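Each chain gets a letter, A, B and so on, in the order its sequence line appears, and its residues count up from 1. All values derive from a computational prediction rather than experimental measurement.
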Amino acid sequence: MYIVLAPPSNGQRISAGGDAQAAFLPVDAAGAPTADAIVVPVAQLGETVRRMEQPGIRWVWDSTRSWYPGLLAAGISVERCHDVALNREILRHSPSSSATEYGSQLQSRPDEAEDANPARVLPPLAPSPLQESLFETTQPAAGADVVEVSAEFAAQQRAVRDSDRPAQLALLLAAESAGALIAAEMEHAGIPWRADLHNELLESQLGPRPRDGHRPAELERLAGELRTALDNPRFNPDSPQELLRALHRAGIEVSSTRSWELQRHNHPAIAPLLKYKKLSRLLTANGWTWLDIWVHDGRFRPEYVVGGSMSGRWASRGGGALQIPHQVRDAVRADTGYTLIVADAAQLEPRVLAVLGRDSALAAAGRGLDLYQGIADQGFGGDRAKAKVAMLGAMYGATTGESGRLMPQLTRTYPQAISVVETAARTGEAGGVVASFLGRGCPPPSERWLSAQQTSSAAEQQRADSLARSRGRFTRNFVVQATAAEWALCWLAELRRRLRANTADYASAHIIFFLHDEVMLHAPRELADQVSAMVTEAARAAAQLMFGEIPVEFPVNVVVVDSYADAK
DNA sequence: ACGCGTAGCGCG
DNA sequence: AAAGCGCGCTACGCGT
């Protein structure tokens with residue numbers, strides 16, 4: 001059932017030498033050993049995993065990142081895992097497990113995620129034995145040996161069992177661990193990236209690649225134009241402070257140099273300035289330097305951080321993988337004979353809100369493919385833009401502007417749904433915690449926040465109220481964003497399961513990108529239709545898995561393209 | 001020399 | 001038209 005994979009404990013080492021070793025300990029669902037541990041040199045790690053891997057086996061390890069990349073490099077993939085470190089962070093914050101022994105222990109221990117330097121509070125750790133050979137890893141296995149990992153696994157299983165909502169929590173932990181496997185597999189596959197096309201794109205907009213430290217021709221030309229228009233021969237448009245002063249001298253009264261604020265003014269300098277900012281952004285964020293660093297052998301390989309944000313959304317490190325501008329997406333091309341399958345969930349967050357509030361009116365609005373149009377038809381005279389602004393405002397906590405004004409209409413039409421976010425906001429403002437549908441909890445208020453609320457002076461009160469409202473907006477958004485994130489995780493996991501169900505046929509079809517509510521696959525052209533159907537079917541299955549039979553639909557848009565730019 | 005906060009903008 | 005959530009990255013400019 002479960003096999004714990006970790007460095008051996010001291011008594012288990014097969015020789016006194018310094019050779020890196022790995023221990024395999026079969027345990028039952030409660031974490032109790034069912035056989036003796038097997039210890040092998042890491043050189044035999046891959047073949048041992050390959051031999052033991054079989055349907056139904058779940059690998060238990062401290063972190064997927066310390067084991068799985070090496071296995072993938074050796075051509076081995078596994079069906080399921082239990083990522084102890086990821087599950088630890090969920091159980092640390094989940095209100096459902098806070099009363100359990102493990103949950104309360106964790107809350108009194110420092111949070112690795114918040115404490116940048118665990119070495120400060122924990123004894124220094126020996127370097128992981130897995131740093132060598134096959135297993136180069138960025139993150140040591142935290143030093144936990146097989147006895148410690150299996151003990152913590154057992155504690156986590158008990159915490160789920162003793163929690164308020166064992167079924168939901170178990171699903172959340174399984175989905176998070178599946179996400180960890182998928183992230184490692186995506187890093188292994190990489191995003192197919194045509195450096196030649198990217199370079200052409202840069203040259204057509206910026207001119208030829210300049211020598212280091214020089215502006216590309218087009219930026220230089222625009223800078224000259226700006227100096228003339230602002231009658232300011234030597235200013236540097238890359239410095240916001242200088243730019244702001246130059247704009248003021250030219251009589252353009254702006255409080256910042258943000259593009260949207262500049263756009264509202266009429267001056268000959270505005271057009272070249274906006275163009276300069278756009279191109280300058282392209283150059284600095286996704287220019288030639290970016291290509292040199294991040295694209296090798298036709299692949300962009302960023303690092304994904306599963307559970308990297310409190311809501312359970314992923315984060316990424318390196319190359320800005322979750323911010324690939326539309327401007328450069330044409331460089332993402334399927335290999336010859338392959339195709340890109342790009343899918344995104346349609347209006348995921350408001351649909352999630354409909355479930356959270358059991359709001360049949362909102363569910364009815366989403367009966368078609370376009371939820372916002374449905375809302376528009378029910379309460380906004382068919383004006384889709386208004387409906388969208390109102391709904392986003394409700395989920396983000398807008399109080400002013402157009403969405404603030406439209407809120408009352410939304411509250412009248414969907415009282416059930418709106419009360420979910422309003423209640424979450426009130427809870428947060430009062431210093432409470434909220435949770436997603438499956439039980440991921442938001443962090444408690446910081447010490448600083450709490451002490452600010454204690455104030456009695458009138459001058460400080462305003463600041464305290466502002467902080468309280470800010471936390472209210474966070475918790476308001478958290479319930480929706482976190483539930484949407486776990487739907488997306490279930491969607492990914494269901495998709496992966498379908499791809500693996502017939503490994504022989506789908507071995508060359510890979511998930512290569514995931515962005516909150518969007519997924520991209522790279523697959524042989526002849527499999528495009530079957531894979532597209534899997535994506536759609538996985539979305540239906542994810543909703544069923546999380547929510548059971550509900551009258552809310554979760555449609556996905558799926559397109560088959562050669563270039564990511566054609567996916568919209 | 002390096003670390004850090006801020007401004008600005010990219011994505012959802 | 002331009003506020004209100006979650007992230008990462010770059011350059012600037014200040015501090016040490």
Side-chain angles (χ1 to χ4, degrees), chain A residues 116 213 215 236-244 254-265 273-274 276-287 289-290 293-294 302-329 344-350 352-353 385-386 388-407 421 424-425 428 434 436 440 442-443 466 469-485 488 513-520 564 567-568:
Chain A
R215 276 205 188 89
N236 169 21
D238 293 324
S239 163
Q241 294 184 22
E242 265 190 65
L243 180 56
L244 194 59
V254 284
S255 59
S256 75
T257 64
R258 292 189 185 96
S259 291
W260 65 260
E261 194 179 350
L262 293 169
Q263 250 155 22
R264 292 152 54 180
H265 288 79
L273 177 53
L274 292 174
Y276 182 94
K277 286 165 80 76
K278 190 79 185 162
L279 286 180
S280 169
R281 171 80 193 181
L282 173 65
L283 173 70
T284 57
N286 296 96
T289 312
W290 181 91
I293 298 175
W294 294 109
E303 186 182 326
Y304 298 95
V305 187
V306 176
S309 75
M310 288 314 312
S311 65
R313 276 188 175 182
W314 292 11
S316 74
R317 264 196 298 262
L322 306 188
Q323 310 135 251
I324 300 171
H326 290 97
Q327 241 176 329
V328 303
R329 293 190 179 182
D344 74 300
Q347 307 96 32
L348 178 55
E349 294 193 345
V352 156
L353 183 57
K386 269 190 183 173
K388 183 174 177 179
V389 161
M391 188 44 98
L392 290 176
M395 294 186 297
Y396 291 161
T399 52
T400 60
E402 181 171 24
S403 65
R405 268 179 283 118
L406 295 171
M407 273 293 292
V421 283
V434 296
S436 69
R440 191 188 301 264
C442 78
S466 160
R469 282 194 300 274
S470 174
R471 180 171 168 80
R473 288 192 301 274
F474 168 62
T475 51
R476 166 196 295 272
N477 186 250
F478 183 95
V479 292
V480 177
Q481 189 184 113
T483 305
F513 189 60
F514 170 53
L515 180 55
H516 310 322
D517 62 354
E518 171 183 336
V519 64
M520 175 156 51
Y564 187 24
K568 261 308 193 324

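Residues of residues 393-401 of chain A that place a heavy atom closer than 4.0 Å to DNA chain B do not occur.
In this structure the side chain of A/Ser403 never reaches within 4.5 angstrom of the side chain of A/Leu392, judged on heavy atoms. In this structure, the side chains of A/Leu273 and A/Leu243 come closer than 4.5 Å at one or more pairs of heavy atoms. When side chains are defined from C-beta on, A/Met310 does not count as touching A/Cys442, because their heavy atoms never get closer than 4.5 Å. You'll find the side chain of A/Arg317 stays beyond 4.5 Å of the side chain of A/Pro302, heavy atoms only. Between A/Lys386 and A/Glu402, the closest side-chain pair of non-hydrogen atoms falls below 4.5 Å.
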Show each protein N/O and nucleotides 5-7 of chain B N/O combination with a separation under 3.5 Å, one pair to a line.
none

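The residue A/Ser239 sits close only to the backbone: its heavy atoms come under 4.0 Å of sugar-phosphate atoms, none of a base. When heavy atoms are screened at a 4.0 angstrom cut-off, A/Gln241 is found touching the sugar-phosphate backbone but no base atom. When heavy atoms are screened at a 4.0 angstrom cut-off, A/Gly404 is found touching no nucleic acid atom at all. Within the nucleic acid shown, A/Arg471 has no heavy atom closer than 4.0 Å to any nucleic acid atom. Within 4.0 Å (heavy atoms only), A/Arg281 reaches at least one base atom of the nucleic acid. A/Gly308 comes within 4.0 angstrom of nothing in the nucleic acid, heavy atoms only.
Each of A/Trp290 and A/Trp260 was matched to the nucleotide of DNA chain C holding its nearest heavy atom; the match closer to the 5' end belongs to A/Trp260. If A/Val389 and A/Asp238 are placed on DNA chain C by their nearest nucleotide, the residue sitting closer to the 5' end is A/Val389.
When all heavy atoms of A/Ala425 and A/Arg476 are compared, the closest pair comes out as CB-NH2, 3.8 Å. Across A/Ala321 and A/Tyr304, no two heavy atoms sit closer than the pair CB-CE2, 4.4 Å. Considering every non-hydrogen atom in both A/Ser311 and A/Gln481, the closest pair reads OG-OE1, 2.6 Å.
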>> With side chain to side chain donor-acceptor pair (under 3.5 Å) as the criterion, how do A/Glu303 and A/Ser316 come out once you've worked through the C-alpha distance, each side chain's angles and the decisive distance to 0.1 Å?
In response: CA-CA 6 Å; A/Glu303 186 182 326; A/Ser316 74; over 6 Å; no
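Between chain A and DNA chain C, the heavy-atom contact criterion of under 4.0 Å yields a 5' to 3' nucleotide range of C/dA2 to C/dG13.
Look at NZ on A/Lys278: it is 12 Å from C1' on B/dG8, rounded to the nearest Å. Going from atom CG of A/Leu348 over to atom P of B/dG12 covers 14 Å, rounded to whole Å. Put simply, CG on A/Leu322 is 10 Å from P on B/dG12, counting in whole angstrom units. Between the CD atom of A/Glu261 and the P atom of B/dC9 there is a distance of 10 Å, given to the nearest Å. What separates OH of A/Tyr276 from C1' of B/dC9 is a distance of 15 Å, to the nearest Å.
Ionic pairing of A/Asp238 and A/Arg215 is present here: one or more N-O contacts between side-chain nitrogen and carboxylate oxygen are shorter than 4.0 angstrom. Using a 4.0 Å cut-off between charged nitrogen and carboxylate oxygen, A/Glu349 and A/Arg313 count as a salt-bridge pair.
Under the ring-ring contact (aromatic ring centres under 6.0 Å, His included) criterion, A/Phe514 pairs with A/Trp314, sequence neighbours left out. A/Ser470 pairs by the side-chain contact (heavy atoms from CB on, under 4.5 Å) definition with A/Arg473, not counting sequence neighbours.
If you take CG on A/Leu515 and CD on A/Glu518, they are separated by 5.5 Å, rounding to the nearest 0.5 Å. One finds the CD atom of A/Glu242 at 5.0 Å from the CG atom of A/Asn236 (value rounded to the nearest 0.5 Å).
Between A/Ser259 and B/dC9 there is a side-chain N or O to OP1 or OP2 distance below 4.0 Å. Checking the phosphate oxygens (OP1, OP2) of B/dC11, a side-chain nitrogen or oxygen of A/His326 falls inside 4.0 Å. Dashed line: the shortest gap from a side-chain N or O of A/Lys277 to OP1 or OP2 of B/dC9 is under 4.0 Å.
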>> Once pairs are restricted to Watson-Crick or G-U wobble with both distances under 3.5 Å, how does DNA chain C read as a dot-bracket string, [ ] for crossings and | for other-strand pairs?
In response: ....||||||||||||
